[in-house]
Amino acid sequence: MSLSVCKFGGSSLADGNNISRVTEIIGSDPARRFVVVSAPGKRYSDDIKVTDLLYACYRESVEKGSCAETFQKIRKRFRSIVTELGMDSFDIDGILDETERAIEENKSADFTASRGEYLNARVVAAKLGRTFIDAKDIIFFDDNGRFDESRSYPLISEKLSAAGSAVVPGFYGTGADGKIRTFSRGGSDISGSIVARAMNADVYENWTDVSGFLACDPRIVEKPEKIETISFKELRELSYMGANVLHADSIFPVRKGDIPIRIKNTFRPEDPGTIILPSKKYVKSGNIVTGIAGKRDFTVIFLEKSMMNSEVGFARKVLSVLEQDGINFEHMPSGIDTLSLVIESKFLAGGMLEKLLRQIDAAVRPDYMRVLENIALVATVGHGMASNVGTSARLFSALSEAGINVRMIDQGSSEINIIVGIDNADYEKCIRAIYHEFFRREKASAAED
Ligand code: ASP
């Protein structure tokens, strides 16, 4: 029988009605045996997520020795969830009392934050009549705070297989010191991926409040196309550039196990969503471009020096300056006598840029240095780009037709991504121009054929 690991996000579990939908979704497919849950999210736009309330509880308990005031709000949320679900005999108050006490005793931000997932998983497990398996007993971190695969995978597999079906809280596990540790925010996506990998699932279903990925930001292009199929590689490029549906780190466990991810919408379960496939299983979509994403506010430091290409250690010397100052660079396009560093502008504030320029000048004595500020990067991503002659010509003529000045180009080495650097002010115009060229125009010419 096939096996799906399903993760449900905070908005899918924000109140009792939503949790009822979720239990219906789980019940409608016997393959959905293992479920990973987030803490209850926002019910309306200015609502507060339970995880945020918990961080406030932590601060309150550190400052006042008690978190009673804020914890009362959490108590109310869970009580109404349980009432809406008609779980009258479920002792939520007992569990909440114990949790409040533990928060005050532990005095740990991670422990406190993790309790939203813990409580929600207890409720969902009881509602489904499935075993609750605490993440603290199956997900472990090593001394460096990284996920410990070799310790976790065998335990997950053993405990979940023995249970047959189960509910696991997302977002946390146990650190090397034996204390609760969380992933970064949004980390239940990572927990779901880990469980899917450990169980060697056929699919990792990630249930959220959108029907998958869109070809670009809907705030910039009205009703962009949905992406039905995308490869892990394409997704990595797009999510790195800001296309956020999944936690960026959540793709690694399933990718290693060649397990596809399906993004589904809890509120429109009939929508096919987006399927993210490993390269092996990837089937090319008809589009040359799969998606477009970008980010604003970069600074480009451009260096020129004759015979740079034959100067051994030139790039290393430049990079060690960045390393000394603890600055990360995003891209480093280079030519025969030129090298550019693309850095997020926020790292260069407060005199850091000037300091860096002085240090680079001393380290490599370039003939010429120039700084471009307020640069946005836009990535056009798609496997189809590698095999279609003339793709970059189309992209650049679309930008020139739109009157956009391209300040920098970086094709990287993957052939599935072309990144252009443009002025921040041209950011939206640039995305619209590229979208129009590869999606609207493509559709128009297909209709003409
Ligand atoms: N509840 C956590 C957060 O709000 C983790 C998650 O939902 O994935 O970040």
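All values below were derived from every heavy atom in this structure, side-chain atoms included, with hydrogens, water molecules and symmetry-related copies excluded. Ligands are counted one by one from 1 in listed order, and the atoms in each one are counted from 1 as well.
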Let's go through S12 and T266 carefully: what are the C-alpha distance in whole Å and the side-chain angles of both, what is the deciding distance for side-chain hydrogen bond (donor to acceptor under 3.5 Å, both in side chains) to 0.1 Å, and is it a yes or a no? CA-CA 6 Å; S12 303; T266 301; 2.7 Å; yes
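At least one side-chain heavy atom of R197 sits under 4.5 Å from a side-chain heavy atom of Y153. Residues P224 and Y435 have side chains in contact (heavy-atom distance under 4.5 Å, counting atoms from C-beta outward). Looking only at side-chain heavy atoms (C-beta outward), R185 and D52 come within less than 4.5 Å of each other.
The shortest N/O to N/O separation between F171 and ligand 1 does not fall below 3.5 Å. Looking at K7 next to ligand 1, no N or O pair under 3.5 Å apart turns up.
Look at G10 and you'll find every heavy atom at least 4.0 Å from all atoms of ligand 1. Under the 4.0 angstrom criterion for non-hydrogen atoms, G187 is in contact with ligand 1.
When ring centroids are compared, Y172 and F141 stay outside the 6.0 Å threshold.
Comparing heavy-atom distances from atom 1 (N) of ligand 1 across E117, K49, H247, K42 singles out E117 as nearest. Across S188, S250, G41, heavy-atom proximity to atom 6 (C) of ligand 1 is greatest for S188.
The protein heavy atom nearest to atom 7 (O) of ligand 1 is S38 OG, 3.1 Å.
Within ligand 1, counting atoms from 1 as listed, the ones closer than 4.0 Å to a heavy atom of R185 are 3 (C), 4 (O), 9 (O).
Salt-bridge formation is detected for the pair D93/R79: a Lys NZ or Arg NE/NH1/NH2 atom is positioned less than 4.0 Å from an Asp or Glu carboxylate oxygen.
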